[in-house]
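Presented below is the structure to which this report refers.
Every number for a ligand or one of its atoms is a count from 1 in the order of the listing. Residue numbers run from 1 in the order of the sequence given.
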Amino acid sequence: MQSSWLSQFNLSATHEQRLNQFYQNIQSESSQLLGYPCNGIFDYSPLYRFLQYPLNNVGDPYLPSNYHLNTHEFEREVIEIFQKLTAAPPNNTWGYITNGGTEGNHYGLFLARELFPEGIVYYSQDAHYSIDKVLRCLQLNSIMIRSQPDGTMDLQDLRETLRIHRDIPPIVCATIGTTMKGAVDDIAEIQNIFTDLALHRHYLHADAALGGMIMPFLENPPPWNFQAGIDSISISGHKMIGSPLPCGVVLAKQKNVDRIARSVEYIETLDTTLSGSRSAITPLFMWYAFQTIGLAGFQKIVPACLEVADYAVQQLQQLDCHAWRHPYSNTVVFDRPTATVTQRWQLACQGNISHLIAMPHVTPAYVDRLLADMRAAPASMPPSASLAAAEMPDLAGSLDNRDREIILVGSANPNLLTEVATALAAAGISIEGLTAVKVAEGSAIRLNVTDRDRALQILNQTIDAGRRYGQSRSLDAAAQILSQVDYQAVSGEALLVELEDHAGTLATLMKECLTQDIPLRSVRLLWRGQEKAVVELASAEPEKLKVLLADRILIK
Ligand SMILES: Cc1ncc(COP(=O)(O)O)c(C=O)c1O
């Protein structure tokens with residue numbers, strides 16, 4: 001669609017130069033892409049000619065519309081491939097190509113809400129941030145489930161939480177390849193929990209942004225797809241497939257989609273998707289990848305990525321850096337390197353861990369370049385004190401036997417104890433002892449309770465639910481009050497210290513630990529007042545840590 005009238009509108013020389021400069025920057029940055037799950041290898045040049053037309057996939061890909069410049073035909077073929085990959089029954093599953101993983105999650109949870117408007121969504125601490133955002137958009141009730149140190153959903157916590165809310169249909173959002181650690185939630189066990197608790201009305205959405213294009217190509221993957229009983233799934237198209245424009249696919253059970261479909265007169269079709277106008281180019285990219293690389297190609301590419309991930313683990317370990325990966329994931333978790341390295345390699349970081357993702361463009365030589373940079377700029381904290389160790393699944397362990405105590409830390413509120421006692425009493429838990437100390441502008445309270453784990457679960461859930469919904473939802477009195485105070489509940493094993501809240505105090509404390517050769521498993525900022533902060537420290541050698549901290553321990 002070219003027209004001669006366009007020739008009068010030209011880019012100025014300055015802007016032309018700016019674009020050229022930008023192009024050079026992108027070329028250079030794309031040669032050091034390790035932290036994000038984008039496949040950097042593709043050639044879609046045969047499709048460039050379609051960019052001359054205002055293509056648009058508005059509407060349902062399976063229905064005719066009066067806008068004919070669309071690629072619905074190709075979109076349907078892509079959906080059919082994903083139906084095979086996810087073991088979706090073709091006659092009663094439906095799908096469309098989304099703008100990315102977030103839209104797929106939004107769609108899955110939208111269907112769940114229309115099915116169970118009163119439902120509660122359960123998702124893990126390691127779920128992608130899009131879930132939290134979608135929950136706010138959909139105003140769904142939700143409870144965050146604890147994660148294990150390896151990033152998987154803590155199923156004991158899920159079971160206990162579901163048991164408490166057995167009268168409300170659960171909507172579980174499982175992750176098939178978590179963003180930071182590549183963890184795969186145990187779908188089979190989630191189904192067992194539904195069965196054991198006789199929760200017949202439930203919904204299970206799988207966020208398989210990256211994992212959805214890894215699991216189908218592995219030998220004996222764990223249950224993860226429609227065969228394992230999921231109701232919907234979201235998979236990215238710009239990750240393993242390598243679409244240069246963000247996209248994804250969502251698949252769901254037809255009967256749930258029928259519930260939300262609305263007829264729209266002016267496009268003469270059904271409105272079954274989340275967005276109105278939709279990209280018609282991204283279905284072409286995905287279709288092209290499947291016709292060229294094909295499933296046979298991905299069958300080779302994915303295991304090759306896992307081999308490179310293994311190489312990275314070995315090499316990082318030789319650098320004395322804690323490094324590990326899940327067997328079903330190309331995400332390698334390791335001690336956070338210096339900022340120079342994380343910036344140069346675009347490494348995603350969370351707390352004290354970083355990850356690299358062995359995507360198809362990442363070769364052993366690529367990994368070697370990262371390692372060379374890490375050798376040149378070693379992290380200031382030696383690995384013995386590194387916190388990535390705390391994330392290593394096999395290093396987790398309990399500290400001692402103070403299994404009846406919990407500590408509440410945060411800003412003072414005269415009603416807090418009454419409300420905590422009310423919340424615990426409702427669950428049949430008694431408070432048998434109590435010590436309180438003042439912390440800066442707040443307080444720390446140690447409670448002796450009859451069931452420590454349940455108490456922690458209830459308090460954290462209540463605090464979390466309270467913060468999420470504030471006054472807008474019909475929460476019980478305890479959640480209402482707990483939502484208004486800045487509080488954390490931790491187990492009595494925690495070693496808490498109060499620090500001046502200014503630069504350097506934490507570093508000084510950590511140096512002390514290092515000098516005394518005390519390995520730290522984790523350091524967590526629990527609460528921040530005006531001038532002081534409360535920090536929780538954990539070590540595999542708690543006795544040594546207690547001796548070092550001695551009179552600095554906040555509440556003994
Ligand atoms: C597990 C998971 N879910 C969802 C998303 C969001 O995908 P998108 O950025 O395509 O919306 C990501 C992105 O990295 C992810 O890792």
May I ask you to decide if the ring planes of Trp94 and Tyr62 are parallel, tilted or perpendicular, using 30° and 60° as cut-offs?
tilted
Residue pairs passing the ring-ring contact (aromatic ring centres under 6.0 Å, His included) test where at least one lies in residues 212-237, sequence neighbours excluded
Phe217-Phe298
Excluding sequence neighbours, so at least two apart, what forms ring pair (Phe, Tyr, Trp, His ring centres under 6.0 Å) with Tyr44?
Phe42, Phe285, Tyr288
Would you mind listing every side-chain hydrogen bond (donor to acceptor under 3.5 Å, both in side chains) that reaches into residues 305-315, with sequence neighbours excluded?
Asp310-Arg325, Tyr311-Asp368
I'd like the residue list for ligand 1, meaning every protein residue with a non-hydrogen atom under 4.0 Å from the ligand.
Gly100, Gly101, Thr102, Asn105, His128, Ser130, Thr175, Gly177, Thr179, Asp207, Ala209, Ser236, His238, Lys239
Closest heavy-atom pair, Gly248 versus Met286, reported as atoms and distance to 0.1 Å, is O-CE, 3.6 Å
Using distance alone, with no hydrogens and no angle criterion, decide if Asn57 and Thr71 have a side-chain donor and acceptor under 3.5 Å apart.
yes
